[in-house]
Structure formats: structure tokens, C-alpha cells
Amino acid sequence: MSDLLERLRRRTWRMTAQRRVVAEVLDGEHVHLTADEVHARAVTKLPEISRATVYNTLGELVALGEVTEVATGARAKRYDPNAHRPHHHLVCADCGAMRDVPLSSSPPAGLSDAERFGFTVHDVEVTYRGLCPDCASA
């Protein structure tokens, strides 16, 4: 489970009602919501929250490094509160469902100097694509 709310409290991030609701919506295991999904869920908890406030809060959380943006091709970006535990993702090519995949005990294969083309590698992202059980059985 994500510990987003606790991490934000430790940072002494100014926790307005709107920010708290966005963080509550994002907090959890395997949470990968779009900004519109965050807004839809936040409105059920705080009806007066605006879409702009949700977008601004998500931007702040990303800038703080407490939430990561996950791009999965042509679909809308998703927001992942599991920002402090390295992991990969499984993505359904049909419905877009996403799950976290823990890293294996062995690190990803490194690139040779020739394969890096002079790049200095800081991070590796792996996305497994396929069909979720619901889409595979349809």
C-alpha cells in the first residue's frame, strides 16, 4: 500500500482540504488514476473541488517527487503514488488497466557503451503489455 499521506505529513506540506482529498484519492495499492479519474473521485468527497485544483495539486505532488506520472502511449497520463518503491508496470493493451510489478532481485541488464550512444543512464522503466484477465476472457 502507498504511504502517500504519511509522507506528505512528514514533509510538512500544507495540507488544505483540497490537497488532502487528492492525496486520499491517490493513496492505496496499485493506484494509477488519470487526472480526470482523480477529479471524479475527489468530487464525491469534496463537491466544490475544481478540476484546476486537482491538476495543480497533481503537478505539485509530481514536482515534490511524491507521485510519478506514468505515460502509456496514446492514453492519458496516470499518477502513481508508489514513487518511493522502484517497480515496473503491467498494462492491459485493451482497457488500460495497470498494476505494479515488484523489481526482481536481479537488476535489469545494463547497456554496453555502444548501446548507450554516449548517454548516461539514470533510470530504467519497464512496461509489460498484454491483456488483463477480464479482457482476455472477453
Side-chain angles (χ1 to χ4, degrees):
M1 177 172 259
S2 164
D3 56 351
L4 177 60
L5 286 166
E6 184 56 37
R7 292 190 327 252
L8 292 172
R9 284 187 191 103
R10 283 194 307 259
R11 289 185 78 115
T12 64
W13 189 54
R14 199 181 84 167
M15 192 69 76
T16 64
Q18 294 86 351
R19 287 175 167 183
R20 177 177 284 108
V21 166
V22 170
E24 287 172 356
V25 166
L26 285 172
D27 203 32
E29 188 174 2
H30 301 289
V31 175
H32 303 92
L33 301 173
T34 65
D36 287 340
E37 290 168 335
V38 172
H39 180 253
R41 292 181 185 192
V43 165
T44 66
K45 296 175 177 250
L46 189 66
E48 65 273 13
I49 193 167
S50 72
R51 188 176 308 273
T53 298
V54 169
Y55 275 84
N56 290 338
T57 303
L58 290 170
E60 290 177 30
L61 291 171
V62 170
L64 287 170
E66 297 297 343
V67 171
T68 56
E69 282 183 339
V70 181
T72 59
R75 296 182 186 267
K77 290 179 191 169
R78 295 181 175 265
Y79 294 87
D80 185 353
N82 194 3
H84 295 275
R85 292 184 189 97
H87 61 283
H88 302 308
H89 290 105
L90 271 166
V91 178
C92 179
D94 197 13
C95 71
M98 186 180 290
R99 300 287 292 195
D100 291 342
V101 178
L103 294 178
S104 63
S105 57
S106 58
L111 298 173
S112 69
D113 289 341
E115 292 171 319
R116 282 196 324 248
F117 299 98
F119 279 67
T120 301
V121 177
H122 297 284
D123 192 19
V124 175
E125 294 178 21
V126 174
T127 302
Y128 300 94
R129 297 182 194 286
L131 294 178
C132 70
D134 290 340
C135 292
S137 66

Nearest heavy-atom approach of Gly96 to Val91 is O-CG1, 4.4 Å
So CG of Leu131 and CG of Leu90: to nearest 0.5 Å the spacing works out to 11.5 Å
Here the salt bridge (charged side-chain N to carboxylate O under 4.0 Å, His left out) pairs for residues 127-138, sequence neighbours left out, are none
Minimal heavy-atom distance between Pro81 and Val67, with the atoms involved, is CA-CG2, 4.3 Å
Arg20 and Leu5 have their tightest heavy-atom pair at O-CD2, 4.4 Å
*asked:* Same cluster or not: Tyr79 versus Val21, using hydrophobic residues (I, L, V, M, F, W, Y) connected whenever any side-chain heavy atoms lie under 4.5 Å apart?
replied: yes
Q.
Checking His32 against Asn82: is there a side-chain donor and acceptor pair closer than 3.5 Å?
A. no
Closest non-hydrogen atoms of Ala83 and Gly65, given as atom of the first, atom of the second and distance, are CB-O, 3.6 Å
Between the CZ atom in Arg7 and the CG atom in Leu64, the distance rounded to the nearest 0.5 Å is 10.5 Å
With Asp3 as partner, the option from Arg85, His84, Arg9, Glu66 fulfilling side-chain contact (heavy atoms from CB on, under 4.5 Å) is Arg85
Rounded to the nearest 0.5 angstrom, the NE2-OH distance for His39 and Tyr55 is 9.5 Å
Note: Cys92 and Cys132 closest approach over all heavy atoms is SG-N, 3.3 Å
Kindly indicate whether the side chain of Asp100, heavy atoms from C-beta on, has any atom under 4.5 Å from the side chain of Asp80. yes
In short, salt bridge (charged side-chain N to carboxylate O under 4.0 Å, His left out) pairs touching residues 48-59 with sequence neighbours left out are Asp36-Arg51
Tightest non-hydrogen contact, residues Val25 and Val31, listed as O-CG1, 4.2 Å
- Heavy-atom check, side chain of Thr16 versus side chain of Thr57, under 4.5 Å: no
Original post:
Does the side chain of Val43 reach to within under 4.5 Å of the side chain of Val54, using non-hydrogen atoms?
Top reply: no
ask   = Do Arg78 and Thr34 have side chains that get closer than 4.5 Å, going by heavy atoms?
value = yes
